[in-house]
Protein chains: 2
Amino acid sequence: MSDDSKDTPSGAFIGYETCPVRRTLTVLNGKWKPLIIYELLPAPCRFNELKRRLPGVSQRLLTAQLRSLEEDGIVDRKVMEVVPPHVEYSLSEKGRSLQPVLQAMETWGENEVKNFPIS
Amino acid sequence: MSDDSKDTPSGAFIGYETCPVRRTLTVLNGKWKPLIIYELLPAPCRFNELKRRLPGVSQRLLTAQLRSLEEDGIVDRKVMEVVPPHVEYSLSEKGRSLQPVLQAMETWGENEVKNFPIS
DNA sequence: GTATGCAGTACCCTTTTGTATACTAGCTGC
DNA sequence: GCAGCTAGTATACAAAAGGGTACTGCATAC
């Protein structure tokens, strides 16, 4: 790797600079990222609260994906220097602009859950 | 794996049976799946043509993700028993119903590419 | 003194993805 | 006959992403 000045970021697709869908997928690439954004849409949330709302996610992964979303400018992280620690995650404007994508996923899923329930 | 009658499908989320977004993500979970669906939206496509349109994907992965999409009823696979082999992939009705999701991704990405070009 | 909550980090292991190559089957060219 | 073509499949192996759990430091609660 690092053969040239600008290498493909981790998880990015070849041609993601110009293909709109690839560009979006590069940002959403991560098992929990869309769900994190979905949970943050209504209101900001603290780390452990987010963890509780996303059953199945581990601390390690949640931390990693939040950091990645922060790097991409989707999520804002506000640390209050108190004890016990208080860290609040919220969507940036860029993050909120992903709402239509999550909305479309929600709508499709609702239809599936309605028409083809599993349990 | 396969310890019980019905295990969580590969890539599925806990609670995906009822959470709409998880349900959608379970189907779209796979680095290339949304792009495959995106490419198949306008018209059916053969394997190697699909591979050419998705620079960066390997045969192995493309095969695997197509099989998975087929299992989920998103993609139809039509084999013509001729030599050389001719296999055509197309979206099922269920697959086409994902268009709004891909459309939202495309729209968001277009805005990003326009406002924050990389190269 | 022990238990709990917060917001993580460190360690190790499994699954998924990426890369490369060899193989199928019949056809064309030499 | 042998090489190369199409449109894949199968296999092996390495790298990246995901997952489980223990642990930290400080504070309050019992």
Side-chain angles (χ1 to χ4, degrees), chain A residues 1-3 7-16 22 25-36 40 44-72 75-90, chain B residues 1-3 7-16 22 25-36 44-71 75 77-89:
Chain A
M1 280 212 196
S2 71
D3 36 79
D7 212 337
T8 310
S10 153
F13 295 86
I14 294 170
Y16 76 106
R22 284 180 189 226
L25 287 172
T26 296
V27 166
L28 293 183
N29 182 313
K31 184 164 178 180
W32 298 93
K33 287 186 191 175
L35 285 170
I36 291 170
L40 289 180
C45 194
R46 295 174 66 176
F47 182 87
N48 275 356
E49 173 63 19
L50 210 45
K51 187 154 107 59
R52 273 189 292 272
R53 288 204 212 159
L54 298 172
V57 75
S58 65
Q59 290 116 305
R60 209 188 64 76
L61 251 288
L62 184 53
T63 304
Q65 310 243 314
L66 280 167
R67 290 283 184 284
S68 175
L69 286 170
E70 204 191 340
E71 264 182 52
D72 286 332
V75 156
D76 289 330
R77 180 168 178 265
K78 196 162 60 182
V79 183
M80 273 79 128
E81 292 289 358
V82 292
V83 170
H86 186 123
V87 179
E88 199 175 76
Y89 291 95
S90 57
Chain B
M1 275 208 201
S2 69
D3 37 78
D7 213 337
T8 309
S10 153
F13 294 86
I14 295 170
Y16 77 104
R22 284 181 189 226
L25 287 171
T26 296
V27 167
L28 293 182
N29 183 314
K31 184 163 179 180
W32 298 91
K33 287 185 191 175
L35 285 170
I36 292 170
C45 194
R46 295 174 67 176
F47 184 87
N48 272 357
E49 173 62 18
L50 209 46
K51 186 153 109 58
R52 273 187 292 273
R53 288 203 210 161
L54 297 172
V57 75
S58 65
Q59 289 118 308
R60 209 185 62 80
L61 251 288
L62 184 53
T63 304
Q65 309 243 314
L66 281 167
R67 290 285 182 285
S68 175
L69 285 170
E70 204 191 341
E71 265 181 52
V75 157
R77 180 167 179 267
K78 196 162 60 183
V79 182
M80 272 79 128
E81 293 288 358
V82 293
V83 170
H86 186 124
V87 180
E88 198 175 74
Y89 293 95

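Here is the naming used below: chain letters follow the sequence lines, and residue numbers restart at 1 for every chain.
Distances shorter than 4.0 Å separate none of the side-chain N or O atoms of A:R77 from OP1 or OP2 on C:dA7. Taking 4.0 angstrom as the limit, B:Y89 places none of its side-chain polar atoms (N or O) nearer than this to OP1 or OP2 of D:dA7. Considering only side-chain N and O atoms, B:T63 lies under 4.0 angstrom from the phosphate OP1 or OP2 of D:dT9. For D:dA7, the OP1/OP2 oxygens have a side-chain nitrogen or oxygen of B:R46 closer than 4.0 Å. One finds no side-chain N or O of B:N48 lying less than 4.0 angstrom from the OP1 or OP2 phosphate oxygen of D:dG8. For B:W32, a side-chain nitrogen or oxygen approaches OP1 or OP2 of C:dG18 to under 4.0 Å. Here B:K31 reaches the OP1 or OP2 of C:dG18: one of its side-chain N or O atoms lies under 4.0 Å away. Distances shorter than 4.0 Å separate none of the side-chain N or O atoms of B:R67 from OP1 or OP2 on D:dG8.
Counting heavy atoms from C-beta on, the side chains of B:L50 and B:V57 never come closer than 4.5 Å.
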Take A:R22 and B:L54, measure what side chain to side chain contact (heavy atoms under 4.5 Å, CB included) needs, and give me the verdict at the end. CA-CA 10 Å; A:R22 284 180 189 226; B:L54 297 172; 3.9 Å; yes
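Put simply, CZ on B:F47 is 19 Å from P on C:dT24, counting in whole angstrom units. Between A:L62 atom CG and D:dG20 atom C1' the separation is 15 Å, expressed in whole Å. One atom, CD1 of A:I36, and another, P of C:dA7, lie 15 Å apart when rounded to the nearest Å. Residue A:K51 contributes atom NZ, which lies 10 Å from atom P of C:dC6 at whole-angstrom precision. Atom CG in A:L25 sits about 13 Å away from atom P in C:dT17, given to the nearest Å. In this structure, CD of A:Q65 is placed 9 Å from C1' of D:dA17, rounded to the nearest angstrom. In this entry the distance linking CD of B:Q59 with C1' of D:dG8 reads 8 Å, nearest Å. Note: CG (B:L61) to P (C:dT15) measures 17 Å, nearest angstrom.
Across all strands, B:V87 comes closer than 4.0 Å only to sugar-phosphate atoms, never to a base (heavy-atom distances).
In summary, of the residues considered (B:R77, B:E49, B:E70, B:R46), a side chain to side chain donor-acceptor pair (under 3.5 Å) with B:Y89 occurs for B:R77 alone.
Considering CZ of A:R67 and CG of A:L62, their distance stands at 9.5 Å, rounded to 0.5 Å.
A residue-by-residue look at A:R60 and A:H86 shows that A:H86 has its nearest nucleotide of DNA chain C further toward the 5' end. Along DNA chain D, the nucleotide nearest A:P84 and the nucleotide nearest A:N29 are compared for position; the residue whose nucleotide lies closer to the 5' end is A:N29.
A donor-acceptor pair under 3.5 Å links the side-chain atoms of B:Q65 to the main chain of B:K33, judged by distance alone.
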